[in-house]
Participant: 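First, the structure itself, so that you have it in front of you.
The figures that follow rest on heavy atoms only: side chains count, while hydrogens, waters and symmetry mates do not.
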Amino acid sequence: MKYITRELWAGWNSKDEKIRQWAHEETKRRFKEYEQQLEKLRARLGEENFNFFKNGLHDGRVITFSVGEGIDLDYEKEETFSLDEFSETKVQIEVLEAYFEEIYSLKYEQVQRVIFDFPTETPLFGGYSLNDWGYDEVSAIENDYFRHEILFSSGTTILIEFQKFTFSKRQCKRSCHPKRP
């Protein structure tokens with residue numbers, strides 16, 4: 001993560017007033033830089049994806065994180081499988097948003113790299129769970145690829161390099177969280 005780092009997040013929660021002050025001032029600058037960088041990607045991402053990445057899933061919880069070549073396969077069909085159906089690695093993440101009202105399904109295609117740092121050697125707040133989806137950043141990298149990085153409150157990170165991103169959301173019918181204020 002380039003803009004919102006573990007060090008910055010830890011600084012917000014520091015007992016040292018000078019460190020907290022630095023972190024809050026630095027946050028304003030970095031958020032502004034990230035917004036400018038993200039704006040440059042608006043046309044490539046498309047409006048719907050741009051808005052998703054702009055708003056993020058802060059405080060959400062990961063339900064599943066899947067990497068594989070059979071993510072789209074329907075295993076209930078009685079047809080036989082072909083090796084051709086297992087030709088592209090994809091990533092899918094399902095996230096319960098912060099108020100437990102909606103489940104987001106994120107799908108990454110034409111994936112060239114995935115890194116899942118769990119459990120991390122540099123924890124933030126807890127370490128045996130992903131905990132809350134903290135902050136995420138999307139950036140452009142070489143060969144028309146994007147990089148999506150996610151930092152969780154545990155310090156865990158996910159990095160995905162991809163060319164195609166889609167998402168959908170559906171209502172969570174079994175919420176245990178109070179409704180939005």
Side-chain angles (χ1 to χ4, degrees), residues 1-4 9 27 30-31 34-77 85-86 88-118 120 124-126 129-141 144-181:
M1 303 262 301
K2 178 178 178 181
Y3 299 98
I4 304 302
W9 197 351
T27 297
R30 291 186 188 190
F31 272 147
Y34 178 64
E35 286 176 2
Q36 291 169 347
Q37 184 267 156
L38 184 60
E39 185 63 41
K40 293 175 185 174
L41 300 177
R42 184 188 288 257
R44 277 186 58 198
L45 288 168
E47 200 62 30
E48 190 174 18
N49 289 343
F50 170 81
N51 288 325
F52 171 82
F53 287 117
K54 183 176 181 181
N55 297 322
L57 287 169
H58 186 73
D59 287 341
R61 290 293 181 125
V62 170
I63 299 168
T64 62
F65 172 61
S66 303
V67 179
E69 295 180 352
I71 287 176
D72 294 326
L73 292 178
D74 181 353
Y75 299 102
E76 301 302 317
K77 287 184 178 180
E85 294 178 272
F86 292 90
E88 181 187 345
T89 300
K90 297 178 184 177
V91 175
Q92 184 168 330
I93 306 175
E94 289 203 336
V95 183
L96 183 60
E97 58 83 35
Y99 291 97
F100 294 16
E101 292 175 355
E102 296 175 318
I103 297 171
Y104 282 75
S105 182
L106 317 179
K107 187 184 234 178
Y108 306 80
E109 296 179 61
Q110 297 164 323
V111 172
Q112 74 173 5
R113 185 175 183 201
V114 179
I115 298 174
F116 181 49
D117 179 29
F118 176 83
T120 184
L124 278 170
F125 315 107
S129 169
L130 297 177
N131 286 335
D132 292 342
W133 178 299
Y135 299 90
D136 61 302
E137 300 172 3
V138 66
S139 57
I141 57 174
D144 297 324
Y145 277 81
F146 295 101
R147 175 179 291 149
H148 189 199
E149 296 178 85
I150 308 160
L151 174 61
F152 294 87
S153 61
S154 63
T156 293
T157 57
I158 295 175
L159 178 146
I160 305 164
E161 293 179 355
F162 63 96
Q163 285 188 324
K164 183 178 178 188
F165 173 81
T166 56
F167 75 95
S168 61
K169 59 184 175 179
R170 65 188 186 276
Q171 184 180 357
C172 179
K173 296 178 182 173
R174 191 174 171 245
S175 178
C176 65
H177 198 283
K179 296 294 179 193
R180 291 180 195 266

Participant: Indicate whether the side chain of S154 and that of T156 have a donor and an acceptor atom separated by less than 3.5 Å.
Facilitator: yes
Participant: Is it the case that the side chain of E137 and the backbone of Y34 share a donor-acceptor pair, with hydrogens and angles ignored and the cut-off at 3.5 Å?
Facilitator: no
Participant: Do E109 and Q163 have side-chain heavy atoms sitting under 4.5 Å apart?
Facilitator: no
Participant: With S105, which residues qualify under side chain to side chain donor-acceptor pair (under 3.5 Å), at least two apart?
Facilitator: Q92
Participant: Using the ring centroid of each side chain, check whether F146 and F165 are separated by less than 6.0 Å.
Facilitator: no
Participant: For residues E149 and T157, determine if any side-chain heavy atom of one lies less than 4.5 Å from a side-chain heavy atom of the other.
Facilitator: no
Participant: Answer with yes or no after comparing the ring centroid distance for F152 and F118 against a 6.0 Å cut-off, counting only values under it.
Facilitator: no
Participant: What's the separation between atom CZ in F116 and atom CD1 in I160, rounded to the nearest 0.5 Å?
Facilitator: 10.5 Å
Participant: Would you call L57 and I150 a side-chain contact if the rule is heavy atoms closer than 4.5 Å?
Facilitator: no
Participant: Do I141 and R113 come close enough that some side-chain heavy atom pair is under 4.5 Å?
Facilitator: no
Participant: Determine whether C172 and I103 satisfy the following criterion, side chain to side chain contact (heavy atoms under 4.5 Å, CB included), listing intermediate values before the conclusion.
Facilitator: CA-CA 6 Å; C172 179; I103 297 171; 4.1 Å; yes
Participant: Is a side-chain donor or acceptor of E102 paired with a backbone partner of E97 at a separation under 3.5 angstrom?
Facilitator: no
Participant: Who are the salt bridge (Lys or Arg N to Asp or Glu O under 4.0 Å) partners of D117, not counting sequence neighbours?
Facilitator: R6
Participant: Rounded at 0.5 Å granularity, tell me how far OG1 in T64 sits from CD1 in I93.
Facilitator: 8.5 Å
Participant: Hey, mind stepping through F65 and V114 against side chain to side chain contact (heavy atoms under 4.5 Å, CB included) and telling me if it holds?
Facilitator: CA-CA 11 Å; F65 172 61; V114 179; 4.0 Å; yes
Participant: Please round to the nearest 0.5 Å and tell me the distance separating atom CG of N51 and atom CZ of F167.
Facilitator: 8.0 Å
Participant: Could you walk me through whether F50 and L41 satisfy the side chain to side chain contact (heavy atoms under 4.5 Å, CB included) test, starting with their C-alpha distance in whole Å, then the side-chain angles of each, then the deciding distance to 0.1 Å, before giving a yes or no?
Facilitator: CA-CA 8 Å; F50 170 81; L41 300 177; 5.8 Å; no
Participant: For a ring pair (Phe, Tyr, Trp, His ring centres under 6.0 Å) with H58, tell me which candidate from Y99, Y135, W133 qualifies.
Facilitator: Y135
Participant: Look up atom OH in Y108 and atom NZ in K90, then write down how far apart they are to the nearest 0.5 Å.
Facilitator: 14.5 Å
Participant: Does the side chain of F52 reach to within under 4.5 Å of the side chain of V138, using non-hydrogen atoms?
Facilitator: no
Participant: Start with the C-alpha gap between D132 and R61, add the side-chain angles, then the distance that decides, and say whether side chain to side chain contact (heavy atoms under 4.5 Å, CB included) holds.
Facilitator: CA-CA 6 Å; D132 292 342; R61 290 293 181 125; 2.8 Å; yes
Participant: If I take atom CZ from residue F100 and atom CG from residue D59, how far apart are they, to the nearest 0.5 angstrom?
Facilitator: 9.5 Å
Participant: So, does E94 use its side chain to make a donor-acceptor pair with the main chain of I63 at under 3.5 Å?
Facilitator: no
Participant: Which heavy atom of Q110 sits nearest to which heavy atom of K164, and what is that distance?
Facilitator: OE1-CB, 3.8 Å
